[in-house]
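I have placed the structure first, in the form of structure tokens, so that the comments after it can refer back to it.
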Protein chains: 2
Amino acid sequence: MGSTQGRRPPVMADVAKEAGVSHQTVSRVLNEHPNVRSETRARVQEAIDKLGYRRNLVARALVTKHSRTLGVVSFDTTLYGPASTVYGIEQAARAAGYFVSIVSLKSIDKLGVNDALDYLTDQGVDGIVVVAPQRSAAQALAELPFGVPTVAVEGGEAGEASVVCVDQVEGGRLATEHLLSLGHETVWQIRGPSDWLEAEGRVAGWRAALKQAGRPAPEPLTGDWSPRSGYEAGRSLASMKDVTAVFVANDQMALGVLRAFTEQGVRVPDQVSVVGFDDIPESEFFSPPLTTIRQDFGAVGRHSIEVLLRQIEGQGSHERERLVVPPSLIPRASTARR
Amino acid sequence: MGSTQGRRPPVMADVAKEAGVSHQTVSRVLNEHPNVRSETRARVQEAIDKLGYRRNLVARALVTKHSRTLGVVSFDTTLYGPASTVYGIEQAARAAGYFVSIVSLKSIDKLGVNDALDYLTDQGVDGIVVVAPQRSAAQALAELPFGVPTVAVEGGEAGEASVVCVDQVEGGRLATEHLLSLGHETVWQIRGPSDWLEAEGRVAGWRAALKQAGRPAPEPLTGDWSPRSGYEAGRSLASMKDVTAVFVANDQMALGVLRAFTEQGVRVPDQVSVVGFDDIPESEFFSPPLTTIRQDFGAVGRHSIEVLLRQIEGQGSHERERLVVPPSLIPRASTARR
DNA sequence: ACCCAGAATGTTAACGCTAACAGAGCCGAG
DNA sequence: CTCGGCTCTGTTAGCGTTAACATTCTGGGT
């Protein structure tokens, strides 16, 4: 119908002709410029509707230098934590009118992070969120490409970038103090890999709480966050008679620990109390339901977008921000008074 | 340094001047056009390196009409299944040189899916993968926007779009036959929400297997995939004395069932055998370790990209494809001979 | 009646790239 | 030695939008 020939999608000029105005006026309508007569505006809108016009965002991005796309770099989005964080990021970004382009890393080396950063800046993203829980990833942020605003999630001291994170130290402290308050002499720990900042933070909080209470800190066992590694550490712990309380650095490993204890006939919480970390949806239904530390991943994702947008929109003032989200204790049935 | 003034990133013309050639020759080098003298090529490459030039993909996309970006629409990427699928998609897409722009839906209505589709086509994606396990989402695909190639994952009969999915019926059958082969008289089921195609498929497979064995099919209980709903269904089942085998439509609900049975003193697998579905990383460490049906989400993601790229690159021939990935039984300790 | 500010619109020029064509140089066949 | 046909390179013209400037049209103050 009309003069629009072929199947080529209509462009601004087509709308302009249809409405009997210049393409610039169409642009003004689209961008809600105030100086357009409301009658003209209506006529243009009508033409837009009639032709089914949609503005070409690529052309727009070329001239405005803003793609309204944010990049997200994350490690293994299959895991609950990263997945929830990325979800929060995506929701917040879209609510703010931004697209989200994602890169999931399988390995976490500096090279991989740098590649991902380059890749995204090539695409012309307006800003980047790096979910970088490993020390190596965080270090990669120290040398940013050029002027692309960046926010690190769980990024420790991430060089130039702003940081949004959960207070891991506080989480470790909460878990440990909870166990001590139940009358346990001391608290053992199954920690995460040493490359992970979160693991370090949780160890620090645990150590601090023990020290404050004047209790000895046993040598922590180390897992790799997987249920299997928790299972193996749990088997070691089961054979040690003086263990009455264990702080496991994440819920998945805690599941492995519960499994090992069950197999070895160690009753939880009667003989040993166990606290996890993360509060994954499953942990409420472990046997027994797991006392754990909740991290509000959604809040972390939302905050990271807030910080990033502030940085993008407030051009000059790029003061580094550091936003810390508090964790909370979720008491359930895996812990009991000694 | 050199003649490049200010902090403005270099463009093709800058490289051209530096190398003493025309910008078109630079373009040729970048696009690996054969007709460039190798000496010239080297000189251009040198200039590129010297200036740290990176080509502007937005400008490129404007003229080529290809953004090399794929859109992914998914429901709740917090869940293990969607998260793994999206991960597989992202890996495969990036390996093929495509960016991935993601939209996570919180609600699954047709409107939401259509909005997401519009949103992504506005951005100028070259193709879209919709992870649409619900009937309503699949229906939304029936009315596609315009010429954007689309692939549905778990999309049943998704109108025009190609489909990649796991054979849910086969999965339901595998689970049921496994239990029957262990000597159970019949198999109960806790199914997923009726809006989900996957839930329907699993019910169909279960029913088919029972029918083939000439056994009665009890009325299935319905959950919403969450551990809690499994827990509640499990409590009902625990009170029924003739239940010896239960097929639970996903692992999370199976966890809830195990929890309920444990509380009620029903021993698994001595009194009741339980089979789950998905093989999430945790299920090997449930108490007892869960027999389940594994879905290869990674393969689904990879295949969906293969199909999509075939559709994008082979312009005219848009024959609908349908690719089915087989599930497999993972026998563990939650099932035993009657 | 006149002028001027401001509103409303139009015209032109980028943005940074690739496509299409044009031209220069070179080789071997006739 | 001339011509056709290669290879290599340059020139020009868009892609569809917004920005900047130019122009026309109002309406009120003098």
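Per chain, numbering begins at 1; letters A, B, ... match sequence-line order. Given the structure is predicted, the values throughout are model-derived calculations rather than measurements.
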Exercise. Do NZ/NE/NH1/NH2 and the carboxylate oxygens of B/R94 and B/E90 come within less than 4.0 Å?
Worked result: yes
Exercise. Salt bridge between B/R8 and B/D14, side-chain N to carboxylate O under 4.0 Å?
Worked result: yes
For this session: Using the side-chain contact (heavy atoms from CB on, under 4.5 Å) rule, pick out the option among A/V72, A/L120, A/V73 that qualifies with A/S101.
Result: A/L120
Exercise. Considering residues at least two apart in sequence or located in another chain, which fulfil the salt bridge (charged side-chain N to carboxylate O under 4.0 Å, His left out) criterion with B/E39?
Worked result: B/R37
Seminar exercise, completed: Contacts of A/E321 meeting salt bridge (charged side-chain N to carboxylate O under 4.0 Å, His left out) (sequence neighbours excluded), chain-then-number -> A/R310
Problem set entry | Close approaches to DNA chain D from residues 32-46 of chain A, in residue order (heavy atom, under 4.0 Å) | none
Problem set entry | Within-4.5 Å side-chain heavy-atom neighbours: B/P133 and B/L197 | no
Exercise. Side chains of A/Y87 and A/F297: closer than 4.5 Å at any heavy-atom pair?
Worked result: no
Exercise. Between D/dG16 and B/K65, is there an OP1 or OP2 to side-chain N/O distance shorter than 4.0 Å?
Worked result: yes
Problem set entry | Side-chain N,O (B/T25) to OP1/OP2 (D/dG10) below 4.0 Å | yes
Exercise. Out of curiosity, B/D49 CG to B/E18 CD, how far, rounded to the nearest 0.5 Å?
Worked result: 11.0 Å
For this session: Enter the distance from A/K17:NZ to A/H23:NE2 here, rounded to the nearest 0.5 Å.
Result: 13.5 Å
For this session: Return the value, rounded to whole Å, for the distance between atom NZ of B/K17 and atom C1' of D/dG10.
Result: 17 Å
Exercise. For the helix from C/dA1-D/dT30 to C/dG30-D/dC1, how many degrees between its two end axes (five pairs per end), to the nearest 10°?
Worked result: 60°
For this session: Look at all strands and tell whether A/V58 reaches a base, only sugar-phosphate, or nothing, counting heavy atoms closer than 4.0 Å.
Result: nothing
Find every protein N or O atom lying less than 3.5 Å from an N or O atom of nucleotides 17-22 of chain C, and list the pairs.
residue : atom : partner : partner atom : Å
C/dC17  : OP1  : B/Y53   : OH           : 2.3
C/dC17  : OP1  : B/N56   : N            : 3.2
C/dC17  : OP2  : B/M12   : N            : 2.6
C/dT18  : OP1  : B/N31   : ND2          : 3.3
C/dT18  : OP1  : B/R55   : NH1          : 2.9
C/dT18  : OP1  : B/R60   : NH1          : 2.9
C/dT18  : OP2  : B/S27   : OG           : 2.7
C/dA19  : N7   : B/Q24   : NE2          : 3.0
C/dA19  : N6   : B/Q24   : NE2          : 2.3
C/dA20  : N6   : B/Q24   : NE2          : 3.4

Exercise. Quick one: side chain to side chain contact (heavy atoms under 4.5 Å, CB included) partners of B/A93, sequence neighbours excluded?
Worked result: B/L70, B/Y98, B/V100, B/I305
